[in-house]
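All residue numbers in this chain count up from 1 along the given sequence. Being a predicted model, the structure only gives us computed values, none of them experimental.
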Amino acid sequence: MDKILEKVKEYWKMTVLVVCGLIAGGIFYVLTNGQKPTTNLSVENLSSVSRQSSVSKFSEPNEKSVSKIMVDLKGAVTKPNVYQISSDERLVDLIKEAGGFTDQADQKSINLSAKLKDEEVIYVPKIGENSSTGNTDSSANSVISQPSTTTAKININQADVTELQKLTGVGQKKAQDIIDFRTKNGDFKSLEDLGKVSGFGDKTLEKLKDELCFE
């Protein structure tokens, strides 16, 4: 009987040890493998977000930059002036903004599709006008133009306040005096007529004679 009891005790101890081992192994498995799906999911999500961000970054269209330029339009147009336009506009857009051609404009010599540049001077000639007014092109559809760095004469009968201030020794007040005199008495016919405006003496006229034109 004693031997039987001793064997039962031995089996009971082994059973307890086996059960404890199984419980410990189950807990360890849950703690280690049970968290892997969550961790893997997070990594996959981050990778997906990263890929989406990269695709979005490179798929954004590159917008064409359009800047503003200044162009000096002179000659046979309704409103000769210095205009600020977009760099992607053509000569036809500039002519429209200036109110179109006058009846005397030589439209056959104008290339309305011409691209415009910053600080460019565009001169629209009159019918029968000598082409020496500007730098001409040999082609039939060419615009008479010249860079602003050249010494282009200013038409005192058409120039506005801004253009008149480009003349030597002429500020805003004198420019306005010229326009007021022109409005009251009509176009200037000669350099002597400009001498009738206050502030324009013989010395001033001598300096301006090569910078002005009257037609």
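You'll find the side chain of R90 stays beyond 4.5 Å of the side chain of L112, heavy atoms only. Between F200 and V197, the closest side-chain pair of non-hydrogen atoms falls below 4.5 Å. Here the side chains of I85 and E97 are in contact, with some heavy-atom distance below 4.5 Å. For the pair L191/L212, a side-chain contact is recorded, criterion being any heavy-atom separation below 4.5 Å from C-beta on. Residues K68 and S86 are in side-chain contact: their nearest non-hydrogen atoms beyond the backbone lie under 4.5 Å apart. Residues P80 and L73 fail the side-chain proximity criterion, which asks for heavy atoms closer than 4.5 Å.
Under the 4.0 Å criterion applied to side-chain N and carboxylate O atoms, D180 and K184 are not assigned as salt-bridge partners. Under a 4.0 Å N-O distance rule, the pair K166/D72 qualifies as a salt bridge. The existence of a salt bridge linking K96 and D93 is excluded, since no basic side-chain nitrogen approaches an acidic carboxylate oxygen closer than 4.0 Å. Salt-bridge check for E163 with K74: passed, with a basic side-chain N closer than 4.0 Å to an acidic carboxylate O.
Judged purely by atom type and a 3.5 angstrom limit, K174 uses its side chain to pair as donor or acceptor with the backbone of G199. A donor-acceptor pair under 3.5 Å is formed between the side chain of S87 and the backbone N or O of S67. Using a distance-only test at 3.5 Å, with no hydrogens or angles considered, a donor-acceptor pair links the side chain of D118 to the main chain of M70. A donor-acceptor pair under 3.5 Å links the side-chain atoms of E120 to the main chain of K117, judged by distance alone. Judged purely by atom type and a 3.5 angstrom limit, E211 uses its side chain to pair as donor or acceptor with the backbone of T168.
The shortest non-hydrogen separation linking A105 to A76 is CB-O, 3.4 Å. The two residues P125 and I110 make their nearest non-hydrogen contact at CD-CD1, 3.9 Å. Pairing each heavy atom of V170 with each of A175, the nearest pair is CG1-N, 3.7 Å.
In this structure, the separation between CD on Q107 and CG on D103 is 9.5 Å, given to the nearest 0.5 Å. Expressed to the nearest 0.5 Å, how far OG1 of T162 lies from CD of Q172 amounts to 8.5 Å. Here D106 contributes atom CG and I127 contributes atom CD1; the two are 6.0 Å apart, rounded to the nearest 0.5 Å. For the atom pair CG of L116 and OH of Y83, the computed distance is 13.0 Å after rounding to the nearest 0.5 Å. Separating the NZ atom in K196 from the OG atom in S190 is a distance of 7.5 Å, to the nearest 0.5 Å. Atom OG1 of residue T78 and atom CD of residue Q158 lie 10.5 Å apart, to the nearest 0.5 angstrom.
Side chains of T102 and Q104: no donor on one and acceptor on the other come within 3.5 Å.
In this structure, K189 fails the cation-pi test against F214, since its NZ or CZ atom is not both closer than 6.0 Å to the six-membered ring centre and inside 45 degrees of the ring normal.
Linking Ile, Leu, Val, Met, Phe, Trp and Tyr residues whenever their side-chain heavy atoms come within less than 4.5 Å leaves I69 and V82 in two separate clusters. Taken together through direct or relayed side-chain contacts under 4.5 Å among Ile, Leu, Val, Met, Phe, Trp and Tyr, I154 and V121 form parts of separate hydrophobic clusters. Clustering ILVMFWY residues whenever any of their side-chain heavy atoms sit less than 4.5 angstrom apart, transitively, puts V92 in the very cluster that holds V71.
For the side-chain contact (heavy atoms from CB on, under 4.5 Å) with I156, the qualifying choice from I179, L208, D193, L194 is L194, the only one to do so.
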Could you check F101 against I95 for side chain to side chain contact (heavy atoms under 4.5 Å, CB included), going step by step and ending with a plain yes or no? CA-CA 7 Å; F101 296 106; I95 297 296; 3.9 Å; yes

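More than 12 heavy atoms of other shown residues, nucleotides or ligands fall within 6.0 angstrom of atom CD in Q176.
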